[in-house]
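Shown next, in structure tokens, is the structure this report addresses.
Since we're looking at a predicted model, the values are computed, not measured.
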Amino acid sequence: MNATTTGITPLRQRMMDDMRMRKLDAKTQTGYIRAVRRLTIFLGRSPDTATIEDLRRFQLYLVAQEVSPQTINATLTGLRFFFEVTLSRPEIMSKTHPVRVPSKLPVVLSRDEVAHLIAATSNLKHRTALAVAYGAGLRASEVCALKVTDVDSQRMTLRVEQGKGRKDRYAMLSPALLERLRMWWRAAHAKGKILPNGWLFPGLDPMDPLTTRQLNRAIRAAAEAAHIDKRVSMHTLRHSFATHLLEQKVDIRVIQAMLGHAKLQTTSLYTQVATQLMREVVSPLERLPKP
């Protein structure tokens with residue numbers, strides 16, 4: 001699996017077959033291949049010749065290069081698949097160790113900031129897509145993957161097919177969001193931009209969906225236009241959705257189901273950023289008797 005090889009080597013083909021057999025997500029497969037390529041460049045030889053000490057030196061190299069903990073862990077996961085599954089040599093990874101990822105609180109917008117952000121989005125398609133991300137708590141990839149048939153105005157739900165973890169779920173569809181979607185559909189349908197049973201948010205070619213990269217560019221432009229100085233991404237709208245629901249006293253397990261989280265622990269992070277709840281708590285200092 002030499003980095004300069006133009007064709008696909010038998011070793012790389014075997015790894016690709018192993019990933020395909022397990023039906024790994026396309027992004028996961030790309031990440032695993034990237035991890036092995038990175039090791040190959042470091043070694044300067046075929047990765048199947050690596051030793052335990054080579055892998056230890058490689059992780060030290062990544063740390064010295066100040067690679068982020070998330071990237072180091074993702075790289076080790078890809079290499080673990082390569083050595084354990086493709087080469088049947090699990091012992092090679094015995095001296096490598098996952099890196100602890102620092103716990104950081106998510107950026108959350110206020111309700112006013114969300115309103116200004118969406119209003120500042122000049123393109124109707126992007127504006128509606130951002131409203132869906134916030135109004136239903138969807139990931140950017142889930143917004144892009146929506147089809148016209150996923151909108152159920154009778155049950156007031158959005159069907160999310162094969163979200164993160166390859167799980168289907170239903171997201172909420174509020175009356176305000178439904179009206180926004182209808183406004184977008186009428187405008188796009190009149191111009192022939194939406195195909196019957198096609199993508200709800202098509203790209204330039206109606207056969208292709210809008211991409212997450214396009215959405216992230218749109219939200220950064222909107223944040224700048226709305227003079228929001230926080231670091232904003234599409235996931236910020238999802239964080240804001242969850243936090244605002246928590247501040248509305250919605251049960252955290254309901255929020256967990258809406259977000260599609262497998263673990264309640266993941267959802268409980270939002271209790272640390274729900275400032276409205278903090279303001280409602282009376283400090284014990286206020287209860288001290290006056291001297």
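Linking Ile, Leu, Val, Met, Phe, Trp and Tyr residues whenever their side-chain heavy atoms come within less than 4.5 Å places Leu87 and Ile52 in a single cluster. Under a hydrophobic clustering in which Ile, Leu, Val, Met, Phe, Trp and Tyr are joined whenever their side-chain heavy atoms come within less than 4.5 Å, directly or via other members, Val99 and Val67 fall into the same cluster. Transitive grouping of hydrophobic side chains (ILVMFWY, heavy atoms separated by less than 4.5 Å) brings Val114 and Leu105 into a common cluster. Following chains of ILVMFWY side-chain contacts shorter than 4.5 Å, one cannot reach Leu60 starting from Leu55, and the two form parts of different hydrophobic clusters.
How far OG1 of Thr86 is from CZ of Arg14: 7.0 Å, rounded to the nearest 0.5 Å. To the nearest 0.5 angstrom, Ser268 atom OG is 11.5 Å from Lys263 atom NZ. Once rounded to the nearest 0.5 Å, the distance linking CE of Met15 with CZ of Arg12 reads 9.0 Å.
In terms of modelled atom types and a separation under 3.5 Å, the side chain of Thr30 and the main chain of Ala26 share a donor-acceptor contact. Panel note: side chain Arg182, backbone Leu177; no donor-acceptor pair is recorded below 3.5 Å. Side-chain atoms of Arg45 do not come within 3.5 Å of backbone N or O of Thr40 as any donor-acceptor pair.
In this structure, Arg57 pairs ionically with Asp54, as a charged nitrogen and a carboxylate oxygen lie closer than 4.0 Å.
Of the residues Arg238, Arg111, His244, the one that meets the side chain to side chain donor-acceptor pair (under 3.5 Å) test with Tyr134 is His244.
Within the structure, side chain to side chain donor-acceptor pair (under 3.5 Å) contacts touching residues 218-230 (residues at least two apart or in different chains) are Glu113-Lys230. Evaluation of the side chain to side chain donor-acceptor pair (under 3.5 Å) test over residues 144-156, restricted to residues two or more places apart or in two chains, returns none.
Residues Thr211 and Gln214 bring a donor and an acceptor atom of their side chains to less than 3.5 Å of each other. Checking Gln29 against Asp25 by side-chain atom types alone, no donor-acceptor pair falls below 3.5 Å. In the model, Asp112 has no side-chain atom that pairs as donor or acceptor with a side-chain atom of Ser110 under 3.5 Å. With 3.5 Å as the limit, one finds a donor-acceptor pair spanning the side chains of Thr71 and Ser68.
For the residue pair Leu259 and Ala242, the shortest heavy atom distance occurs at CD1-CB, 3.7 Å.
Contact check for Val160 versus Asp168: no side-chain heavy atoms found under the 4.5 Å cut-off.
Aromatic ring centres of Phe42 and Tyr61 lie closer together than 6.0 Å.
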Next on the checklist: Is there a side-chain hydrogen bond (donor to acceptor under 3.5 Å, both in side chains) between His126 and Thr121? Walk through the geometry before answering.
Outcome noted: CA-CA 7 Å; His126 294 160; Thr121 310; over 6 Å; no

